[in-house]
S.K.: 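Below you will find the structure I want to go over with you.
We count residues from 1, following the sequence as given. Atoms within a ligand are numbered from 1 in the order they appear, just like the ligands themselves.
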Amino acid sequence: MKHQKQNSGNERPERSATAVAHANIALIKYWGKRSLSRNLPAVGSISMTVDSLKTETEVSFEDTLEQDHFELNGKKVKGPARERVSSFLDLIRPTERETYAEVVSTNNFPTGAGLASSASGFAALTLAASRAAGQHLKKKDLSRVARQGSGSAARSVYGGLVEMKRGATPDGKGDYAETLADEDYWDLRLVVVLTAEDGKEVGSTQGMIHTAETSPFYSKWIDEQPADLEAMRQAIVQKNFEKLGELTERSCFKMHGLMMAAQPSLLYWNPTTVMVVQKVRELRSQGIPAYITMDAGPQVKILCLPAWIDNIKQALSTINSIKKLWICKPGPAAEIISREKEKA
Ligand code: DP6
């Protein structure tokens with residue numbers, strides 16, 4: 001992380017803040033938009049924030065800069081990715097005059113491979129940038145702003161189990177996330193299985209547009225989502241793990257079914273993805289309650305309870321093409337890291 005510059009004479013102080021946000025994995029998926037310009041979701045969604053995958057971002061607004069600078073994992077970012085950050089910062093910049101920012105960000109996991117890096121990335125950026133701009137936003141408002149960077153980022157503002165609401169108005173007032181249960185409520189595990197390290201071929205935004213335009217199942221997906229969300233809320237209130245798992249797996253396959261039925265078809269999986277899915281089915285037939293979910297990439301996430309982690313690890317050890325595993329617990333909300341804490 002960058003160090004604060006010395007401030008001499010009557011120069012204005014550098015306005016800087018550092019935030020950390022964790023990725024989240026959707027149990028009931030978000031796929032589809034009702035407005036592209038405001039990034040309003042066509043459906044609500046429910047997710048679990050995870051402790052092991054995180055982004056740390058420092059934002060400094062500096063009067064001397066002539067444009068925004070964005071560094072990710074030690075490398076300067078240019079082109080569309082920098083533009084995306086820059087136009088997002090337009091929502092937050094100190095308004096008294098045009099001020100550009102130095103953004104330094106680190107992910108502790110592969111970027112853009114279907115591991116929710118845009119969720120933790122935009123949540124950390126929203127919190128750090130708004131604080132650096134002197135704003136102390138309520139979580140609901142942070143979530144609304146983060147949503148405009150990436151829909152799933154609205155959920156990473158909170159820890160534990162989180163619901164993103166689909167609002168009813170075109171201004172996006174009702175489109176924000178809320179906490180359903182904090183990270184201590186239920187001792188769940190998500191085993192994140194990395195099957196490929198490369199970036200994804202079709203990003204979520206493009207994939208959603210393509211699916212909405214060409215998939216014959218899209219309207220059915222939209223119609224059924226409220227019932228899936230309600231069933232998931234019930235499963236969480238009742239701590240019914242089997243129900244939680246079944247609903248999670250079903251929402252995942254519904255979303256991938258939509259994608260596969262698009263024209264041309266969108267298929268995010270690789271052979272290892274399918275091997276992991278089969279392995280989890282095998283485990284279930286042996287009485288081990290484990291359920292899968294997958295996003296816009298080839299990685300598989302396995303939902304389970306702590307008691308079964310060893311069995312699952314053992315079963316996965318037979319698949320040589322798996323690159324890496326993370327055993328994740330429910331993770332915390334996004335937070336500002338103070339410089340004292342950073343040094344400790
Ligand atoms: C498959 O939040 O990445 O992970 O709003 O266009 O940035 P944009 O999309 P994004 O989509 C996430 C899609 C998903 C499912 C989910 O996280 O709910």
S.K.: Do M275 and I319 come within less than 4.5 Å of each other through their side chains, counting heavy atoms only?
M.R.: yes
S.K.: What atoms of ligand 1 come within less than 4.0 Å of a heavy atom belonging to K33?
M.R.: 5 (O), 6 (O), 8 (P)
S.K.: With heavy-atom distances below 4.0 Å as the criterion, list the atoms of ligand 1 near R155.
M.R.: 16 (C), 17 (O), 18 (O)
S.K.: Run the contact test for A296 against ligand 1 with a 4.0 Å cut-off on heavy atoms, strictly below, and give the result.
M.R.: yes
S.K.: Quick one: which ligand 1 atoms are inside 4.0 Å of a heavy atom on M208?
M.R.: 9 (O), 11 (O), 13 (C)
S.K.: Does one side chain, of S156 or N24, offer a donor that lies under 3.5 Å from an acceptor on the other?
M.R.: yes
S.K.: Regarding ligand 1, does S152 bring an N or O atom to under 3.5 Å of one of the ligand's N or O atoms?
M.R.: yes
S.K.: Under 4.0 Å from any heavy atom of A26, which atoms of ligand 1 are there?
M.R.: 16 (C), 17 (O), 18 (O)
S.K.: Can you check whether N39 has an N/O within less than 3.5 Å of an N/O in ligand 1?
M.R.: yes
S.K.: I'd like to check whether K29 has a polar contact with ligand 1, where a contact means an N/O of the residue lying under 3.5 Å from an N/O of the ligand.
M.R.: no
S.K.: Is the side chain of D68 donor-acceptor paired with the backbone N or O of L89 at a distance under 3.5 Å, no angle test?
M.R.: no
S.K.: Centre-to-centre under 6.0 Å for F61 and Y100, is that the case here?
M.R.: no
S.K.: Below 4.5 Å, heavy atoms only, C-beta onward: do S105 and T55 meet side chain to side chain?
M.R.: yes
S.K.: Using the salt bridge (charged side-chain N to carboxylate O under 4.0 Å, His left out) definition, which of the options R34, K140, K165, R144 pairs with D175?
M.R.: R34
S.K.: Could you see which bit of R84 sits under 4.0 Å from ligand 1, with heavy atoms only: side chain, backbone, both or neither?
M.R.: side chain
S.K.: Counting from 1, what ligand 1 atoms have a heavy atom of M255 closer than 4.0 Å?
M.R.: 1 (C)
S.K.: Can you tell if the side chain of Y268 reaches within under 4.5 Å of the side chain of V202, non-hydrogen atoms only?
M.R.: yes
S.K.: Only heavy atoms of G151, strictly under 4.0 Å: list the atoms of ligand 1 that pass.
M.R.: 2 (O), 5 (O), 7 (O), 8 (P)
S.K.: Please state which part of Q206 comes within less than 4.0 Å of ligand 1, counting heavy atoms only: side chain, backbone, both or neither.
M.R.: neither
S.K.: Considering residues, nucleotides and ligands other than E230, do more than 12 of their heavy atoms fall under 6.0 Å from its CD?
M.R.: yes
S.K.: Given side chains that start at C-beta, do those of V157 and L127 come closer than 4.5 Å, heavy atoms only?
M.R.: no
S.K.: What atoms of ligand 1 come closer than 4.0 angstrom to any heavy atom of S118?
M.R.: 3 (O)
